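Just so it is clear, the structure is predicted and the values come from calculations on it, not from any experiment. Just follow the structure's listing: the first ligand is 1, and inside any ligand the first atom is 1. Any value given below was found using the heavy atoms of this structure, including those in side chains, with hydrogens, waters and symmetry copies removed.
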Amino acid sequence: MDLGLADRTYVVTGGSSGVGLATVRALLDEGANVATCGRDADRLARIGSHDRLFTAVRDVRDADAVREFVTDSADAFGGRIDGLVNNAGQSRMKRLDDTTAEDWRDELELKFAGVLNPLQAARKHLAASGAASVVNVNAVLAKQPETRLITTSAARAGILNLSKSLATELAADGIRVNSVCLGLVDTGQWTRRHAAADSGLSYEDWQAELAADRGIALGRLGRAEEVAYAIVALLSPRASYITGTSIDVCGGVGRGIL
Ligand SMILES: NC(=O)c1ccc[n+]([C@@H]2O[C@H](COP(=O)([O-])OP(=O)(O)OC[C@H]3O[C@@H](n4cnc5c(N)ncnc54)[C@H](OP(=O)(O)O)[C@@H]3O)[C@@H](O)[C@H]2O)c1
């Protein structure tokens, strides 16, 4: 099936690693133009060059820098932006008693600025697209909080709520807004935690223990490409009647029925 993404332009934040990188690659494979950002220039450079790829070193928390990035992205590809993937970010492994007021502020800022800064910067381009789609990369934590990730769980719930409001508010401009809610996906987030845990287990054995401990129905962590598939499907103009919803990509770790 032709997903109708070729020659359209998509902005993916945090495309130098994990889910963002897999999404960048999937979109390039579909013939789309892609713009992406991250904070580390070396990591961005490792994506490699491509005539339909634009990259810039930007922090999504910096509204001015994001505005400049989005303008440059549109300029790089004929003035259009057809979709936005708000992916950049990371989680904060802390319980209530370890969490400072600064942690709460930083976490809420990252999660909300990570959606609102790119969206506000790209809004006028999206409204002109005729087939605009925004995908917010979220977590099952939004619906199933974990006390070991207390700030991230609360911020994720807020972003899921915000996504619903944005879908309603932006429908008049022809902009669809959806979310993907991740369980545990094998990316830099988990390789860093494996290194920090210093468990003496190989990464494979550590992952298998993790999957069993967290009760992942499919018995393994997800792959970034498996998430990118859902993101690309939601970006596609073929998903033209899907807005205001979220898809769990979590191997069955989500226990909710809604
Ligand atoms: N992997 C999981 O199990 C999991 C589960 C639930 C939700 N998620 C969410 O999924 C998204 C992608 O995570 P991932 O697992 O693919 O992580 P990852 O491999 O660590 O990739 C994160 C990407 O975001 C970029 N980034 C981080 N903070 C940024 C900032 N302030 N401004 C611009 N770019 C920034 C990183 O580049 P730089 O560091 O160079 O900036 C990198 O390109 C995140 O929002 C994460 O919270 C992941």
Against heavy atoms of Gly188, which atoms of ligand 1 measure under 4.0 Å?
-> 19 (O)
If every non-hydrogen atom of Asp40 is compared with every non-hydrogen atom of Arg43, which pair is closest and at what distance?
-> OD1-N, 2.9 Å
Distance to 0.1 Å, residue and atom name: give those for the protein heavy atom nearest to atom 15 (O) of ligand 1.
-> Thr187 OG1, 2.5 Å
In terms of heavy-atom contacts, Arg123 and Asp173 come closest through NH2-OD2, 3.1 Å
Looking only at non-hydrogen atoms, find the nearest pair between Leu141 and Leu149 and report the distance.
-> CD1-CD1, 3.9 Å
Which residue and non-hydrogen atom of the protein lie closest to atom 46 (C) of ligand 1, and at what distance in Å?
-> Gln189 NE2, 3.0 Å
Quick one: nearest non-hydrogen protein atom to atom 37 (O) of ligand 1, plus distance?
-> Ser16 OG, 3.4 Å
Would you mind running through ligand 1 and noting each atom that sits below 4.0 Å from a heavy atom of Val137?
-> 10 (O), 11 (C)
From the candidates Ala88, Pro118, Cys181, the one that places a heavy atom nearest atom 34 (N) of ligand 1 | Ala88
Below 3.5 angstrom, do we get any N/O pair linking Ser17 and ligand 1?
-> yes
Any N or O of Val60 closer than 3.5 Å to N or O of ligand 1 | yes
Report the residue from Glu226, Glu204, Glu209 that forms a salt bridge (Lys or Arg N to Asp or Glu O under 4.0 Å) with Arg220.
-> Glu226
Looking only at heavy atoms of Thr13, does any of them come nearer than 4.0 Å to an atom of ligand 1?
-> no
More than 12 heavy atoms of other residues, nucleotides or ligands under 6.0 Å from CD of Glu169: is that the case?
-> no
Please report which non-hydrogen protein atom sits nearest to atom 31 (N) of ligand 1, along with the residue it belongs to and the distance in Å to one decimal place.
-> Asp59 OD1, 3.0 Å
Where does Arg43 meet ligand 1, judged by heavy-atom distances below 4.0 Å: at the side chain, the backbone, both, or neither?
-> side chain
Ligand-residue contact atoms, ligand 1 with Asp40, heavy atoms, under 4.0 Å | 40 (O)
Output the list of atoms in ligand 1 that are nearer than 4.0 Å to some heavy atom of Gln90, sorted by atom number.
-> 47 (O)
Look at atom CZ of Phe112 and say whether more than 12 heavy atoms of other residues, nucleotides or ligands are closer to it than 6.0 Å.
-> yes
Examine ligand 1 and decide if any of its atoms is less than 4.0 Å from a heavy atom belonging to Thr152.
-> no
With a 4.0 Å cut-off, would you call Arg25 and Glu225 a salt bridge?
-> no
Residue Leu184 vicinity, atoms of ligand 1 by number, heavy atom under 4.0 Å | 3 (O)
Considering only heavy atoms of Ala139, which atoms of ligand 1 have at least one such atom less than 4.0 Å away?
-> 6 (C), 7 (C)
For ligand 1, note which part of Arg92 has a heavy atom under 4.0 Å away: side chain, backbone, both or neither.
-> neither
If hydrogens are left out, which of Val66, Asn87, Val180, Asp62 has an atom nearest to atom 44 (C) of ligand 1, that is, the closest non-hydrogen atom?
-> Asn87
Does Ala224 have a non-hydrogen atom less than 4.0 Å from ligand 1?
-> no
Of all the atoms in ligand 1, which lie at a distance below 4.0 Å from a heavy atom belonging to Val19?
-> 16 (O)
So do the side chains of Ser246 and Asn138 get within less than 4.5 Å of each other, counting heavy atoms only?
-> no
Side-chain heavy-atom pair Arg80, His125 within 4.5 angstrom cut-off | no
Indicate yes or no: does an N/O atom of Gly14 lie under 3.5 Å from an N/O atom of ligand 1?
-> yes
Atoms of ligand 1, numbered as shown, that sit under 4.0 Å from any heavy atom of Gly18 | 16 (O), 19 (O)
Heavy-atom side-chain contact between Glu146 and Ser91 under 4.5 Å = no
Looking only at heavy atoms, what is the nearest atom pair of Thr191 and Gly188, with distance?
-> OG1-O, 3.1 Å
Is Arg192 touching ligand 1 with its side chain, its backbone, both, or neither, if touching means heavy atoms under 4.0 Å apart?
-> side chain
Test side-chain hydrogen bond (donor to acceptor under 3.5 Å, both in side chains) applied to Arg92 and Thr99, Asp103, Thr152, the passing residue = Asp103
Heavy atom of the protein closest to atom 47 (O) of ligand 1 (residue, atom name, distance) = Arg156 NH2, 2.7 Å
Residue pair Ser133 / Leu84, side-chain heavy-atom distance below 4.5 Å | no
Logged contact type for Asn138 with ligand 1, heavy-atom cut-off 4.0 Å, is backbone
Write out the residue and atom name of the closest protein heavy atom to atom 29 (C) of ligand 1, then the distance separating them to 0.1 Å.
-> Arg39 NE, 3.4 Å
Does the side chain of Gln189 reach to within under 4.5 Å of the side chain of Leu182, using non-hydrogen atoms?
-> no
Proximity flag Leu110 to ligand 1, non-hydrogen atoms under 4.0 Å = yes
When you measure from atom 8 (N) of ligand 1 to every protein heavy atom, which one gives the shortest distance, and what is it?
-> Leu182 CD2, 3.7 Å
Hydrophobic cluster membership, Val185 vs Ile216, 4.5 Å side-chain cutoff | no
In terms of its nearest heavy atom to atom 22 (C) of ligand 1, the top option of Cys250, Gly20, Gly89 is Gly89
Between Phe69 and Phe54, how do the two ring planes meet: parallel, tilted or perpendicular, split at 30° and 60°?
-> parallel
Specify the protein heavy atom at minimum distance from atom 33 (C) of ligand 1: its residue, its atom name, and the distance to 0.1 Å.
-> Arg58 O, 3.3 Å
Provide the closest heavy-atom pair for Val140 versus Gly254 in the form atom of the first, atom of the second, distance.
-> CG1-CA, 3.9 Å
